[in-house]
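We count ligands from 1, going down the list as the structure has it; atoms in each ligand are counted the same way. No hydrogens, no waters, no symmetry mates; every other heavy atom, side chains included, goes into these values.
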Amino acid sequence: MLFHKMPFNYVPAKNLLDEKIVLITGSTGGIGTALSMKCAELGATVIICGRSIAKLEKLYQSIFELGLKEPLIYPADFLGTKKDDFQILTKKIEKEFGKLDGLVLNASLLGNLSSLDDYSEKMLDEVMQVNFKSQFLMTQCLIPVLKKSESASVIYSSSSVGRKAKAFWGAYAISKFTTEALVQIWASEHENISKIRFNAVNPGATRTKMRAQAYPAENPRNLPTPEKVILPYIYLLSADSHCISGQSLNSQDKP
Ligand SMILES: NC(=O)c1ccc[n+]([C@@H]2O[C@H](COP(=O)([O-])OP(=O)(O)OC[C@H]3O[C@@H](n4cnc5c(N)ncnc54)[C@H](OP(=O)(O)O)[C@@H]3O)[C@@H](O)[C@H]2O)c1
């Protein structure tokens with residue numbers, strides 16, 4: 001596995017993502033919301049994606065009220081999406097923008113923390129559908145519009161249990177191993193045929209709903225906020241990381 005480190009003390013330039021079109025799944029969650037806001041602040045047009053229209057509208061409003069580029073809303077519940085839905089999305093992006101510069105596959109379902117002996121088949125299907133299959137199909141369908149970008153970047157949100165599995169993390173850990181595999185396979189297959197880069201980011205323990213679900217006894221105040229872990233995503237979305245592909249970054253690496 002290849003672990004790349006972002007330059008220590010990396011500071012994004014003010015208009016780093018100007019003219020970029022960036023789609024972020026899980027925009028309504030902790031890390032996705034912080035990342036969507038930051039991308040918009042840095043000049044990108046963001047396509048915000050989540051399953052709750054009310055939460056998407058709230059995020060749209062926050063971006064709009066700051067006078068940033070108007071975002072696009074793409075509501076999707078990955079438990080129900082099919083390849084056809086992503087093909088329709090691709091056509092819409094092609095028509096509206098002619099290209100896609102950034103794709104962040106960040107939505108995930110934790111599922112039950114339980115032993116594999118007892119892991120339910122239904123939960124296995126749901127976690128793999130949201131965390132793996134939908135992300136794979138979405139990426140596959142969007143490749144043609146990513147190819148239209150001068151320098152496209154695809155980023156998957158990974159996890160430390162996608163690199164070293166732990167007891168009771170079940171399908172979630174397995175799905176994050178598939179995330180790391182996807183990155184390596186896409187990156188090596190595209191090395192010589194396109195300018196698309198594929199990387200993973202492990203944000204590490206972060207103060208979000210998912211973390212609280214996994215560790216209910218933990219004090220969230222002891223954890224970094226989502227705003228503190230998004231810098232590697234910004235780095236990978238930008239031209240500053242133009243030759244980085246097939247790598248796994250950690251948001252909470254120490255220098
Ligand atoms: N927080 C951590 O400590 C941590 C550590 C390592 C890795 N990660 C990874 O970081 C990423 C972001 O997680 P987070 O901590 O920000 O979690 P979060 O706040 O729970 O957000 C998860 C996001 O995924 C969306 N989602 C869940 N099921 C979905 C479905 N069926 N269809 C569409 N969207 C769905 C959620 O939508 P709703 O808003 O509708 O629920 C939400 O937007 C995940 O990939 C996670 O595995 C997090």
Side-chain angles (χ1 to χ4, degrees), residues 23-38 46-60 73-82 85-86 89 103-113 122-123 125-139 154-166 169-180 182-183 199-216 218-233 236 248-253:
L23 190 159
I24 300 164
T25 73
S27 290
T28 52
I31 292 167
T33 295
L35 183 61
S36 302
M37 292 296 297
K38 191 69 190 171
V46 281
I47 305 172
I48 52 177
C49 173
R51 59 187 161 174
S52 153
I53 294 182
K55 284 193 209 171
L56 286 169
E57 283 176 344
K58 194 169 163 238
L59 177 59
Y60 172 98
I73 288 182
Y74 177 59
D77 182 340
F78 293 132
L79 281 175
T81 42
K82 300 262 183 304
D85 300 310
F86 299 131
L89 169 70
L103 172 62
V104 185
L105 290 311
N106 167 71
S108 277
L109 184 61
L110 179 65
N112 292 341
L113 296 182
K122 181 170 178 286
M123 189 53 69
D125 285 345
E126 289 185 3
V127 172
M128 293 310 283
Q129 169 64 29
V130 175
N131 299 8
F132 166 61
K133 193 173 174 191
S134 69
Q135 300 198 354
F136 165 65
L137 291 176
M138 191 180 213
T139 309
V154 178
I155 305 167
Y156 292 83
S157 282
S158 184
S159 167
S160 45
V161 292
R163 296 165 184 176
K164 173 88 179 77
K166 286 197 291 195
W169 281 76
Y172 177 83
I174 294 165
S175 75
K176 294 297 180 180
F177 268 77
T178 69
T179 297
E180 299 282 338
L182 272 181
V183 163
N199 295 286
V201 173
N202 167 21
T206 310
R207 196 187 305 170
T208 69
K209 196 176 80 184
M210 185 184 287
R211 177 74 190 187
Q213 192 190 337
Y215 293 88
E218 184 178 60
N219 181 355
R221 288 181 187 282
N222 295 333
L223 297 172
T225 59
E227 288 73 16
K228 297 273 183 215
V229 302
I230 56 174
L231 203 53
Y233 292 89
L236 287 172
S248 289
L249 277 70
N250 291 310
S251 294
Q252 300 189 46
D253 267 345

Ring pair (Phe, Tyr, Trp, His ring centres under 6.0 Å) filter on Tyr233, not counting sequence neighbours, yields none
Applying ring pair (Phe, Tyr, Trp, His ring centres under 6.0 Å) to Phe136 and not counting sequence neighbours gives Trp186
Compile the donor-acceptor pairs under 3.5 Å between side chains in residues 205-216 and protein atoms, sequence neighbours left out, one pair per line.
from   : atom 1 : to     : atom 2 : distance (Å)
Thr206 : OG1    : Gly204 : O      : 2.6
Arg207 : NE     : Pro220 : O      : 2.9
Arg207 : NE     : Leu223 : O      : 3.4
Arg207 : NH2    : Leu223 : O      : 3.1
Thr208 : OG1    : Met210 : N      : 3.4
Thr208 : OG1    : Arg211 : N      : 3.4
Arg211 : NE     : Glu218 : OE1    : 2.9
Arg211 : NH2    : Glu218 : OE2    : 2.7
Tyr215 : OH     : Lys166 : NZ     : 3.4

Met128 side chain near Thr178 side chain, heavy-atom distance below 4.5 Å: yes
ask   = Does the side chain of Ser251 come within less than 4.5 Å of Lys228's, by heavy atoms?
value = no
Smallest heavy-atom separation, Leu23 atom then Cys49 atom, equals CD2-CB, 4.3 Å
Are there any N/O pairs under 3.5 Å between ligand 1 and the protein, and if so, what are their distances?
from     : atom 1 : to     : atom 2 : distance (Å)
ligand 1 : 1 (N)  : Thr206 : O      : 3.4
ligand 1 : 1 (N)  : Thr208 : OG1    : 3.0
ligand 1 : 3 (O)  : Gly204 : O      : 3.4
ligand 1 : 3 (O)  : Thr206 : N      : 2.9
ligand 1 : 15 (O) : Thr208 : OG1    : 2.6
ligand 1 : 16 (O) : Gly30  : N      : 3.4
ligand 1 : 16 (O) : Ile31  : N      : 2.9
ligand 1 : 19 (O) : Gly30  : N      : 2.8
ligand 1 : 20 (O) : Met210 : N      : 3.4
ligand 1 : 24 (O) : Ser108 : N      : 3.3
ligand 1 : 31 (N) : Asp77  : OD1    : 2.9
ligand 1 : 32 (N) : Phe78  : N      : 2.9
ligand 1 : 37 (O) : Thr28  : OG1    : 3.4
ligand 1 : 39 (O) : Thr28  : OG1    : 2.7
ligand 1 : 39 (O) : Lys55  : NZ     : 2.9
ligand 1 : 40 (O) : Arg51  : NE     : 2.8
ligand 1 : 41 (O) : Arg51  : NH2    : 3.0
ligand 1 : 41 (O) : Lys209 : NZ     : 3.0
ligand 1 : 43 (O) : Gly26  : O      : 3.3
ligand 1 : 43 (O) : Thr28  : OG1    : 2.8
ligand 1 : 43 (O) : Gly29  : N      : 2.9
ligand 1 : 45 (O) : Asn106 : O      : 2.8
ligand 1 : 45 (O) : Ser108 : OG     : 2.9
ligand 1 : 45 (O) : Lys176 : NZ     : 3.0
ligand 1 : 47 (O) : Tyr172 : OH     : 2.5
ligand 1 : 47 (O) : Lys176 : NZ     : 3.0

